[in-house]
Amino acid sequence: MAGLLEIHNLSKSFDATKVINDFSLEVVEGTLCCLVGPNGAGKTTTLDLITGRIKPTSGKIIFAGEDITAKHEHVIARAGIGRKFQVPAVLRDLTVRQNLEVSYSRQTNPFWNLFKFRNAGLKEKLDEIATLAGLKDRLGERAGILSHGETQWLEIGMVLMQEPRLLLMDEPIAGMTEGEIEKTARIFKDLRKTATLIVVEHDMGFVREIADVVTVMHMGSLLAQGTIKQVESDPRVRDVYLGEQEAA
Amino acid sequence: ATLKKGEPIKVGLLFSLTGALAVPEEDSTLVLQYAFDEINKNGGVNGVPVEPVIVDAKSDFNVYSEKTKELILREKVIALFGCYTSASRKAILPTVMQRDHLLYYPTCYEGAECTQNTICTGPLANQHSQDLIPFMVEKFGKKVFFVGSNYVWPKESNKNAKVWLEKAGGELLGEEYIPLGSSEFGPVLGKIRDAKPDFIFSTVVGASDIAFHKQFKQEGFKVDSMPIASLTTGEIETRAMGADFGAGHFLSAPYFQTLDNPTNQKFVEGFLKSKYGKNGTTHYNMEETYLSAYVFKAGLEKAAAAVGVENVTPRSIRDNSGGIRIEDAVSPEGLIWIDENNFNTWLKPKIGQCQADGTFKIVKAADKQVAPDPYSIYPDAGTCTKDGLKGPDGKVRKNVI
Amino acid sequence: MDLGSLLNALILGVSIASIWLIAALGLTIIYGTAGVINMAHGELIMLGAYSSYMLQFYLGLPYLLCIPASFFIVAFVGLVLERGLIRYLYNRPLDTLLATYGVSLVLMQGVRLIFGSDPKYIAAPAAFSSNISLGFASISTFRVVILGVTALLVFGLWLLFYKTRFGVQVRAVMQNKEMAASFGINSGRIYMLTFALGAGLAGVAGSLFGVLAIVLPTMGASYVVQAFLMVVVGGGSLAGSVAASGATGELQSVLAFFTNDTFARFIIFVLIVVFLRFRPQGLFAQAGARR
Amino acid sequence: MGNIYHNKTAQWIVYAVFFAILAVIPIKIDDSFLLNQLATYGVYGMLALSISLCWGFGGILNLGQGIAFGLGAYGMAMTMQMQSQDASNPIPPFMLNNSLDHLPLLWQPFQNTTAGLILSVAVPTLFCAVFGGIMFRARVSGPFFAIMTLAMLSAFYTIIIDRQPYTGGVNGLTPPSAFQFAGVEVDPYSPTAYWVVFCFLMGATVVAKLITQSSFGLVTQAIRDDAERVRFLGYSVAGYETVIYTVAGLIAAIAGCCWVMLVQYVSPAQLDVSFSLSMVIWAAIGGRHSLLGSIFGAFIIQGAQSYLGDTFLATWLLILGGFFIIVVRFLPNGLASLLESGLGLLAAKRRSSSAAVERNGDANPMPAE
Amino acid sequence: MLLNFDNVASYYGATKILKDFTFEMEKGQCLCVLGRNGVGKTTLMRTIMGLTDKSTGAIRVNGTEISGKPPHIRATYGLGYVPQGRGILSDFTVRENILLGTFARADKAPEIPELCLRIFPYLKENLDKRAGLLSGGQKQQLAIARALAVGPQILLLDEPTEGIQPNIVNEIGEILKMLNKELGISLILTEQHIKVARKLGDAFLMVDNGRVVARGPIAEMTDELVEKHMTI
Ligand SMILES: Nc1ncnc2c1ncn2[C@@H]1O[C@H](COP(=O)(O)OP(=O)(O)OP(=O)(O)O)[C@@H](O)[C@H]1O
Ligand SMILES: Nc1ncnc2c1ncn2[C@@H]1O[C@H](COP(=O)(O)OP(=O)(O)OP(=O)(O)O)[C@@H](O)[C@H]1O
Ligand SMILES: [Mg+2]
Ligand SMILES: [Mg+2]
């Protein structure tokens, strides 16, 4: 079975430093893949490359059978890839409601949108997501004043509004309470039924709970891949990433 | 607009009192107020005092246009006095023509206009350099370099100057135009240095002109061996640039503050002492403006005599202004009169040389009044008559601008 | 069109560049550090010229002393402006554009009310109204003076911004005011001083331009747009402004040598547009932050 | 509940009232100067509106709106100029002075009024689409785009002056007679001219309002906030920016045509930096986030300039400058925000009296909606 | 008493975020601030630094009243701040960012304390890299190093381990413990992980809806309390 997303021999250099080095990855449809690795391993950069934010020095990215390597960000997004950023990026001057509305991007053509005043199905979806993200009674608030955790939730909500086939989540639970982490885990597990996810996280407890496959990056390359058990017991992973205590 | 018995005669003064054009135009407003005060003191026009309505055009052509309408339609003035630049004149002429009104345009311009609604009291391009070019060629040599601001008046003036230059047997080495308001003359002076002319003919205006003269000296050019012959560098300019930058250069104008005649002495003294004399000098543009008030007075009186006071319209004033003479006793520059066909002014251009104190010494004066000819260099376009531009085909076209 | 004239044009280019640069220096500091789009910059230049005029006319101060004196006078005006108005607008950069436009109107009309609208005259030492010839090349002494002053100021600013504690503080404040404050930097004071410094530089430019060109209430307007273009093309950094002015000055001089002044300007404007098309962040601008 | 200022229905009612007032003026008042003046203000209003659309809603500060306005105005002036030339004499007088002996190609289409009108609007619009398209694709934004429009404007300004034989140089074009359409002359001082401008102003405002309320408007606001982020939601940011910039350009071009119809001249001054800056100022003073506010800004500033300017001759600019400073300092969103906060206070009062019980507030520091 | 809050309220605009905040903290203590998202933990930190729009009531450091003072003065009382979102100056190099910390030092020494680099080898190797290009976790490390450069009496840490790889999280835990126990630096720490809080903290402060709902020695932080104020 071909993967929904295939990354082939991806490399990326900034000036002289090679940040991604011959990295390959395949993510099967309907699975949740956790991407882990030390700080600076290149996880965020990989997501940048997938979403077209930066262009690779070499290598190829294929999504749903289509080569998206050279495509623009919005084209890739339209193809069905949604992303949550590591530093939560919401539209700070807009209200929470508007943030979610904009994310409901069924129609992206500017000319069509000139004549569109009401979005079919928006209201129900918005209600559902706002409830899920716990922002139901903050809809009228300007997004810029939300606390860090609330902002995280809003951005997760935005990605869900997009209804992408592939969700890229860069450290979604940073700054969440333990209760919220559990809730997030539930949501992600639910999502797997309809979508595919790549989650970047450092919280191994969370990874353990949700991951189908765990991919470990180190210095821009693949270090290990497999189930959480396999990975956790890999001495190299323990050495560069987990440390003794965590593995124990 | 018609005159009403017992009410003062309203005229509009449309000049900029703020912004970049305020330097010359504020003086125009002041001198006109002075002139109308003088006229009113001496019994007014046709026995009625004149009431100038002063507006500020803010150096903005849109405002010129708006204020013109306001003066004509709302204030119902009988005539307008205004503008210093061709661009502002052009901006308001459609309105003036559309309302068949009357504009006194009191400064030099390029000509090539034939409307039924303007009277101009300044020199036309054909009058301005007629004497200056031969004079300079004779005195300094045949080779000349033209420098001007980049707009219509300098270009047209230069076309005229070329005619005189050819007649005088001179040679044109180069022609350069500087953006209006620019103060960077390095490149132009570089070209002049390479060309080595005997003198420079300048139609640079305003702030640029001052920068030009300053940089001329700073770049090591010598006024004795390569003077600037200008159509614009008058008393305000020489004072602002510092006399040592102006000294030695030449100007052609119908009027200089130093003109030695009783009328001028009275004018200079009277004006400088009056409450309008705060800027401390008189210059050609002011004098031309001053004259326009008297041309108006004479024209209105003539029109009133011809059609009756009640029936005087702006147009009738204009139609009756042909041939009006302002005699030596009134005109500081000496006798002038209005042309019967094109309604520009017959006048005597004079050449002055700037002295160390910023005043001018008159070195040559035309021996008789020179005829204004707005189409001197475009004989094919036709001739300007009272009723419009008469083309070679014999057709008369109105409102040609 | 011999080589000598071209060489002359190149030398002149350096001089034109120094004029563009000195007009843009103060703006670079103010825009580069505080992000304030100061439309009153031209009027600060104008104030510099008028300060020199006043000092010379009323106090008889020699011209060379008028230059630094103008720096302090205009710097003081800048200080007052910052305390009274600009400091309330730091988080609204585009609003500073509008507010300072209002300031420029007030300054211009204020000066006109006090001094009248006729041009004023600043006398410079006689030595400045001559030229220096180097073989076939020639340049006016005063242009050399401007060049010298500009070079000195650039060097001084470089030292100040990159070699002193103050410089680090300024750059810290400009990136993140809150963080700078949290680490003991008095951002209000920094803003105030940089604004005053930028204004003072405009004052120096003014006292030089007053001699080169003209002293008028409206003189500033012609400098502000070109200064702006330089700052933005340069990306708001000191080095950027130097490079941008250098390139523009040379282009202006050489293009005017081959065509005419107006057309040279046209080409420069078009080139600026084309340049920004390919380097939207200006010269020497660093890539944006990551997310 | 909430601030009625943000209520869509209320907004439309205010629009209707505003235009109703403008509509009765020519019926009630017989003063040709006032009509012409108000019509000119209407043109300025359109310009302020276009700035508000592009800057207030799109976040694209355009310091070169004079380009679209000027090109439109030049096209219209060329059309009108050609209307006053007859077949025996097809070349405008100023060209003769510049030694052109035949009508340049550039001018030929304008011999036909319809073609001239179409070109007057199409050329600037197309220019905006192409220029905007290229720049936005290159992701030029913020102050950099503003400066580019400024540089582009200056380029147009210089070239128009430099190409005097085709453009009339600094003097510009002054068609000697009024605009004729379908054989009828539109007297610039007549109610007809007023109505024409009025209709275009109203049309432009309604279209602009609808745009801001459409999905397009929402996306545009999002782009203003954080263009980078919006790309990842699947929207082509450059596309949206180009469209809003072009629509603003179109409005300005129409304004340019109306303007020449009213004043019968155009010159490079219409492409001067200071004129484009004043458009931005109108919008800013009136309130750039409010379409009507911007129009209002143009009306009051131009009105004050016309009516107060001569009363306070010497101090007028001081007053104007001081006014800007005060508005910007205390009303960041212009005069419209005065209304907004006024109504907001009203709403708050209403709320606090009806819900005083819930003082000890729970979860929300600010009441949601 | 090292730090003392007496009936403090803190505002953004007109919105009151912290209400009736009263607590104290002794020298050498590690105080953990706990609570759900959006209850005001970050606001507490910012109130201490003076970064909120307005605050009322008394805040004292070592008995000195600081509540009227601007942030840059407060910094000189030995407050080292690691903000949420890191607050790295992206145009500065790593070195300059750490140097920034020395500006608030009481001794004004313009050198980077050796300690800051020893803990984070990546920073030591990349001193001249532009900080904006660092990865998220690297930035977090830099933020901690910078706060240490202040030579602080009190270290304010707003979720310091967010986004940091597990083995370094442990290390940071150790380091904080070391700073606290050996160097006597007092810590105020917001944490979402109860485990970490229990391990490091001497005392806790439970916040809910802008109010202190419970405080005391860490041992008194019962599961019940956690259950009540931390879960959703
Ligand atoms: N534009 C750039 N220029 C230079 N170096 C860069 C650039 N972008 C990223 N890097 C470097 O690439 C490396 C990988 O960064 P990346 O953000 O992908 O790490 P990460 O795996 O997401 O780490 P973390 O878990 O800390 O978020 C880092 O060392 C970073 O400094
Ligand atoms: N600038 C602001 N203006 C108005 N309200 C604000 C502002 N910043 C934060 N708030 C509000 O203050 C409350 C507390 O925010 P704070 O950031 O202190 O929460 P927190 O406890 O740190 O949450 P988290 O765990 O998510 O970081 C939130 O409801 C937030 O919406
Ligand atoms: Mg990362
Ligand atoms: Mg927080």
Side-chain angles (χ1 to χ4, degrees), chain C residues 28-29 31-35 83 87-93 158-194 234-240 281-291, chain E residues 45-46 48-53 69-93 95-110 129-136 138-139 142-143 146-152 156 158:
Chain C
T28 312
I29 306 294
Y31 176 77
T33 44
R83 284 292 90 182
R87 70 166 157 150
Y88 302 106
L89 304 175
Y90 281 124
N91 39 2
R92 297 159 29 197
W158 177 77
L159 283 184
L160 182 65
F161 277 82
Y162 294 94
K163 296 286 153 200
T164 65
R165 235 171 122 85
F166 176 75
V168 182
Q169 294 188 345
V170 173
R171 288 186 296 135
V173 171
M174 90 197 191
Q175 286 179 67
N176 189 334
K177 196 164 104 187
E178 272 189 358
M179 273 301 109
S182 307
F183 290 98
I185 298 174
N186 183 346
S187 51
R189 199 175 127 260
I190 296 283
Y191 275 137
M192 189 171 83
L193 290 179
T194 30
S237 70
L238 192 59
Q281 303 301 314
L283 275 171
F284 301 123
Q286 282 158 330
R290 307 180 63 211
R291 279 186 200 267
Chain E
M45 298 287 197
R46 293 173 59 86
I48 299 175
M49 290 310 297
L51 297 172
T52 54
D53 293 346
K69 304 223 159 83
H72 65 97
I73 301 288
R74 298 190 192 197
T76 57
Y77 294 127
L79 302 176
Y81 182 32
V82 179
Q84 191 159 30
R86 309 172 191 118
I88 295 300
L89 305 187
S90 41
D91 284 345
F92 270 20
T93 58
R95 185 198 309 277
E96 283 171 323
N97 264 291
I98 303 178
L99 271 178
L100 182 66
T102 67
F103 279 85
R105 280 182 84 87
D107 57 5
K108 299 275 172 216
K129 185 159 183 162
R130 200 159 73 85
L133 302 177
L134 297 184
S135 81
Q138 292 161 346
K139 281 184 186 153
L142 179 54
R146 181 178 62 183
L148 285 176
V150 176
L156 308 171
D158 203 346

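In what follows, every chain begins at residue 1, and chains take the letters A, B, ... in the order their sequences are listed.
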Any chance you could lay out the side chain to side chain contact (heavy atoms under 4.5 Å, CB included) test for E/L142 and E/L134, step after step, and finish with the verdict? CA-CA 9 Å; E/L142 179 54; E/L134 297 184; 3.9 Å; yes
After noting the C-alpha distance and the side-chain angles of C/R171 and E/D91, does the key distance pass the salt bridge (charged side-chain N to carboxylate O under 4.0 Å, His left out) rule? CA-CA 9 Å; C/R171 288 186 296 135; E/D91 284 345; over 6 Å; no
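- Ring geometry for C/F166 versus C/F161: interplanar angle over 60°, hence perpendicular rather than tilted (30 to 60°).
- With a 4.5 Å cut-off on non-hydrogen atoms, E/P83 touches chain C through its side chain but not through its backbone.
- Contacts of E/R146 with chain C are made by both backbone and side-chain atoms, with heavy-atom separations under 4.5 Å.
- Note: E/H72 leads E/H72, E/R74, E/R46 in heavy-atom pairs under 4.5 Å with chain C.
- The most heavy-atom pairs under 4.5 Å with chain E, out of C/M174, C/Q169, C/M179, come from C/M179.
- A distance of 13.5 Å separates NZ in E/K129 from CG in E/N97, rounded to the nearest 0.5 Å.
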